There are 2 protein chains.
Amino acid sequence: MNPAVEDYLKMIYEFESDRKDQYVKNARLAEQFGYTIQSINEMIKRLKGMGLVEYKPYRGVRLTDKGRKEALKLVRAHRIWEVFLSDKLGLPWEALHDEAEKLEHAVSEAVLERLYAFLGRPEYCNHGNPIPDQTGHMAPTYKKSLFSSSVGETVVIKRVVDYKPLLNHLNKLDLSLNDQVRILEKDTFAKLIKVDKNGELITISQTIAETIYVTQD
Amino acid sequence: MNPAVEDYLKMIYEFESDRKDQYVKNARLAEQFGYTIQSINEMIKRLKGMGLVEYKPYRGVRLTDKGRKEALKLVRAHRIWEVFLSDKLGLPWEALHDEAEKLEHAVSEAVLERLYAFLGRPEYCNHGNPIPDQTGHMAPTYKKSLFSSSVGETVVIKRVVDYKPLLNHLNKLDLSLNDQVRILEKDTFAKLIKVDKNGELITISQTIAETIYVTQD
DNA sequence: ATAAAAGATAAGGTCTACCTTAATATATGG
DNA sequence: CCATATATTAAGGTAGACCTTATCTTTTAT
Ligand SMILES: [Mn+2]
Ligand SMILES: [Mn+2]
Ligand SMILES: [Mn+2]
Ligand SMILES: [Mn+2]
């Protein structure tokens with residue numbers, strides 16, 4: 001298990017969590033990684049040879065139990081490092097991902113468990129994604145989007161998509177995890193939602209509001 | 001600068017610190033890394049091409065200023081991670097090196113500086129090696145060996161060679177960094193030294209005592 | 001001075017993880 | 001039902017970082 005293999009497993013895992021029980025298309029992986037489809041194909045064959053994925057031509061790829069177990073370890077390491085970088089070193093949320101992307105491959109399970117304990121066994125990373133425990137179990141994923149909320153509702157931001165341009169945009173809008181907002185207006189034609197955060201009026205496009213997940217307060 | 005290149009620079013740096021202004025022999029690198037001399041030769045050529053080392057056939061290799069600067073960054077990262085792993089996660093000193101060997105390559109300078117501050121800008125790692133600051137300056141290296149001490153002297157252990165079998169042996173002898181010991185007896189024929197630590201009698205071979213560095217108390 | 005030891009170089013090989021160009025197979029929607 | 005879009009496979013290439021086998025050069029110690 002080297003960084004390249006690990007990153008493939010993690011990516012496949014993340015795609016699988018989006019659209020449950022779907023095969024992941026090689027083309028999607030190619031696009032996401034910025035590699036050619038041929039390279040993806042080669043690696044998929046290697047992963048298959050290692051018993052980490054199941055592959056059906058023209059359908060796509062899917063993790064085996066063994067592959068999923070490995071992927072979960074990586075997801076776990078990634079999110080634990082994010083918590084460390086944020087909580088202990090004070091890195092802003094848009095910087096966490098890239099750093100964790102490297103650290104996740106550089107740590108033994110023994111050190112990871114100690115780090116996890118040191119951080120107080122956090123259940124979520126600083127983007128609101130659940131952190132699997134040693135057995136692979138994790139807290140629920142917030143699935144209700146801000147845009148799906150109704151006018152008058154008061155909600156709390158609990159998860160955002162971990163994508164740097166989005167996080168930078170949220171910084172500009174002055175929106176952070178655990179912020180409480182009240183839906184003032186929702187215009188499905190203009191594709192906008194207006195919310196109130198502590199007396200501050202914030203206007204958010206539908207596209208952005210669909211990448212923000214909330215709980216009703 | 002990738003992990004392989006970084007590890008070569010660090011190794012050359014460490015050999016250079018031992019025997020000042022000496023060229024490092026490719027054979028020594030080969031032995032230490034466990035690679036063939038041919039492989040070392042190839043890599044040395046690459047390092048030379050990158051302007052990181054100066055190489056004289058039959059004499060050896062030496063870091064350029066550029067190479068030394070890079071090497072120092074790695075030494076710094078390595079030792080800072082060791083402090084983290086020991087002080088915050090409680091890893092025993094014999095486990096620090098292997099873990100730091102991976103983490104040192106996985107961290108940006110920005111994160112490293114934050115980590116350094118988080119740890120309280122330590123001057124020494126947990127084996128007593130000085131940690132260079134951002135400019136490359138560092139506290140002095142302890143150079144007086146335990147075996148060179150005289151009977152009757154009371155000394156404090158300030159540095160040990162970071163070599164796992166040695167550290168395990170010191171654990172068995174119940175010797176740690178900052179322990180205070182008094183030299184009871186030194187037998188240059190039997191190649192032994194006997195010390196008292198808090199009423200406990202500890203017998204140490206010359207070879208081992210020469211890998212332990214002390215200050216006079 | 002010279003032979004043995006130490007060190008360097010040459011040539012060819014492997015494996016990983018990427019790439020390009022080109023051919024081929026499948027899916028599907030009009 | 002078949003054309004076009006989508007997906008796959010083939011073939012060959014590169015660069016890094018290792019390897020082995022073999023030859024050649026320099027140093028050094030007697
Ligand atoms: Mn990664
Ligand atoms: Mn995250
Ligand atoms: Mn290393
Ligand atoms: Mn150390």
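Below, chain A is the first sequence line, B the second, and so on; all start at residue 1. Since the model is a prediction, treat every value here as computed from it, not as a measurement.
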The side chain of [X] lies closest to which of these nucleotides: [options]?
| X | options | result |
| --- | --- | --- |
| A:Ile37 | D:dT8, C:dC18, D:dC18 | D:dT8 |
| B:Asn41 | C:dA8, C:dT16, D:dC19 | C:dA8 |
| A:Thr36 | C:dC19, D:dT8, D:dA7 | C:dC19 |

DNA chain D: A:Lys25 or B:Ala4, which has the more 5' nearest nucleotide?
A:Lys25
N/O (side chain, [X]) to phosphate O (OP1/OP2, [N]) under 4.0 Å:
| X | N | answer |
| --- | --- | --- |
| B:Tyr58 | D:dT28 | no |
| A:Asn26 | D:dT8 | yes |
| A:Tyr55 | D:dA7 | no |

Touch class at under 4.0 angstrom, heavy-atom based, for B:Tyr8 against every strand present
sugar-phosphate
Applying a 4.0 Å non-hydrogen cut-off, can you work out what B:Gly60 is touching in the nucleic acid: base, sugar-phosphate, or nothing?
nothing
What integer distance in Å separates [X]:[atom1] from [N]:[atom2]?
| X | N | atom1 | atom2 | value |
| --- | --- | --- | --- | --- |
| B:Asn2 | C:dC18 | CG | P | 14 Å |
| A:Lys48 | D:dT8 | NZ | P | 12 Å |
| B:Glu42 | C:dA11 | CD | C1' | 11 Å |
| A:Ile44 | D:dA7 | CD1 | P | 14 Å |
| B:Lys45 | C:dG7 | NZ | C1' | 13 Å |
| A:Ile40 | D:dT6 | CD1 | P | 18 Å |
| B:Arg59 | C:dG7 | CZ | P | 13 Å |
| B:Tyr35 | D:dG16 | OH | P | 16 Å |

Over 60° means perpendicular and under 30° means parallel, so tell me whether A:Phe118 and A:Phe84 are parallel, tilted or perpendicular.
tilted
Kindly assign one of parallel, tilted or perpendicular to the pair B:Trp93 and B:His127, based on the angle between their ring planes and the thresholds 30° and 60°.
parallel
Under-4.0 Å salt bridge between A:Glu42 and A:Lys45:
no
Would you mind checking if B:Arg114 and A:Glu99 are paired as a salt bridge, meaning a charged N to carboxylate O distance below 4.0 Å?
no
Residue from A:Arg62, A:Arg68, A:Arg28 passing salt bridge (Lys or Arg N to Asp or Glu O under 4.0 Å) with A:Glu16:
A:Arg68
